[in-house]
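In this text, all values refer to a predicted model and were calculated from it rather than measured experimentally. Each ligand, and each atom within it, is numbered from 1 in the order the structure gives.
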Amino acid sequence: MKSFDEYLRDAERAHGHLCAGQILGVRLAMLGLEKLGIDDPHGKDRKRLVTFVEIDRCATDAVAVVTGCRLGKRALKFRDWGKMAATFVDVSTGKAVRVAAKESSKTLARQMHPEIENKNQQQMLAYREMSDEDLFATQWVTVELPPEEFPGYKSDRIVCELCGEGINFRREVLREGMILCRSCAGESYYKEA
Ligand SMILES: [Zn+2]
Ligand SMILES: [Zn+2]
């Protein structure tokens, strides 16, 4: 495992700037890995981890940098809940830990550094100094991970009976006897213009 400062440098480079979210995300991910006893996420433990993130904000990029879990590797799962939290699943043991930033940490940052007016600067410093206990709530959880959620899952491609597009990873749905993609089944996020 790299040091906090090394991960922070990597995160800054990947994210494009240094911000409170990078500090929070690096610490959140390092804590999750520590709880699971994963100390080499980019080396020998590379295939041990699946990470669920619950927000698409600055900190999410840092979580991906520290864990090595990326969307394109299917090891990073996004649940759009708008919450500053992530769950780290050790697929070799089935153990999982959820780490969430405490709501009180923002107030605490203000109390720790009232002399800093800029909120990002204030949080950047305070989030470095705060204890894990002040910054995060952690809980052991179980995560049901069906085979098709695993990074290495191989499946035949299914073709949607309406649009003819191929569907991977068992994302097809059965509607009134037809095998459909989620878009044709009515779950689409777009409409034809
Ligand atoms: Zn940022
Ligand atoms: Zn379709």
Side-chain angles (χ1 to χ4, degrees), residues 2-33 41 51-72 74 76-86 88 99-103 105-110 112-113 116-130 132 135-136 148 153 155-193:
K2 293 185 188 178
S3 70
F4 170 78
D5 286 311
E6 286 172 307
Y7 277 133
L8 192 61
R9 257 198 306 278
D10 293 348
E12 180 183 1
R13 198 174 311 124
H15 181 61
H17 65 237
L18 187 62
C19 57
Q22 299 312 294
I23 292 165
L24 198 62
V26 167
R27 286 198 60 184
L28 189 147
M30 286 182 78
L31 182 61
L33 294 181
T51 302
F52 287 77
V53 289
E54 298 181 17
I55 196 163
D56 48 355
R57 267 188 80 186
C58 289
T60 308
D61 283 347
V63 169
V65 165
V66 174
T67 59
C69 291
R70 283 185 268 146
L71 203 58
R74 306 194 72 233
L76 189 71
K77 312 285 187 190
F78 178 42
R79 296 291 179 269
D80 194 357
W81 290 2
K83 294 171 84 176
M84 185 56 77
F88 305 89
V99 184
K102 283 187 177 170
E103 200 50 33
S105 62
K106 285 201 170 89
T107 312
L108 186 57
R110 266 200 303 278
M112 287 169 78
H113 291 291
I116 306 175
E117 271 178 41
N118 179 293
K119 223 170 87 183
N120 187 50
Q121 298 290 337
Q122 182 188 65
Q123 289 173 356
M124 274 179 36
L125 185 59
Y127 291 167
R128 277 175 185 267
E129 297 170 345
M130 247 177 245
D132 284 338
L135 202 45
F136 301 115
E148 64 268 23
Y153 181 75
S155 73
D156 290 332
R157 205 150 43 183
I158 305 289
V159 173
C160 173
E161 289 182 30
L162 263 186
C163 70
E165 292 182 355
I167 312 159
N168 295 286
F169 307 130
R170 303 176 75 162
R171 265 40 177 187
E172 70 275 11
V173 290
L174 198 62
R175 285 284 149 83
E176 290 158 23
M178 283 178 91
I179 294 170
L180 302 178
C181 72
R182 297 178 76 150
S183 180
C184 293
E187 295 177 35
S188 198
Y189 65 92
Y190 60 87
K191 272 190 228 153
E192 200 163 323

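- To the nearest 10 degrees, the angle centred on the Zn ion (ligand 1) between SG in Cys19 and NE2 in His15 reads 110°.
- Between the side chain of Glu148 and the backbone N or O of Phe169 there is no donor-acceptor pair closer than 3.5 Å.
- Side chain of Arg175 to backbone of Leu180: no donor-acceptor contact under 3.5 angstrom is found.
- At the Zn ion (ligand 2), the vertex angle linking SG of Cys184 with SG of Cys163 is 110° (nearest 10 degrees).
- Between the NE2 atom of His17 and the SG atom of Cys58, the angle taken at the Zn ion (ligand 1) works out to 140° after rounding to 10°.
- At the Zn ion (ligand 2), the vertex angle linking SG of Cys181 with SG of Cys160 is 110° (nearest 10 degrees).
- Arg182 places no side-chain N or O within 3.5 Å of a backbone atom of Glu187 that could act as its donor or acceptor partner.
- Proximity of a side-chain donor or acceptor of Arg74 to a complementary backbone N or O of Tyr153 within less than 3.5 Å is not detected.
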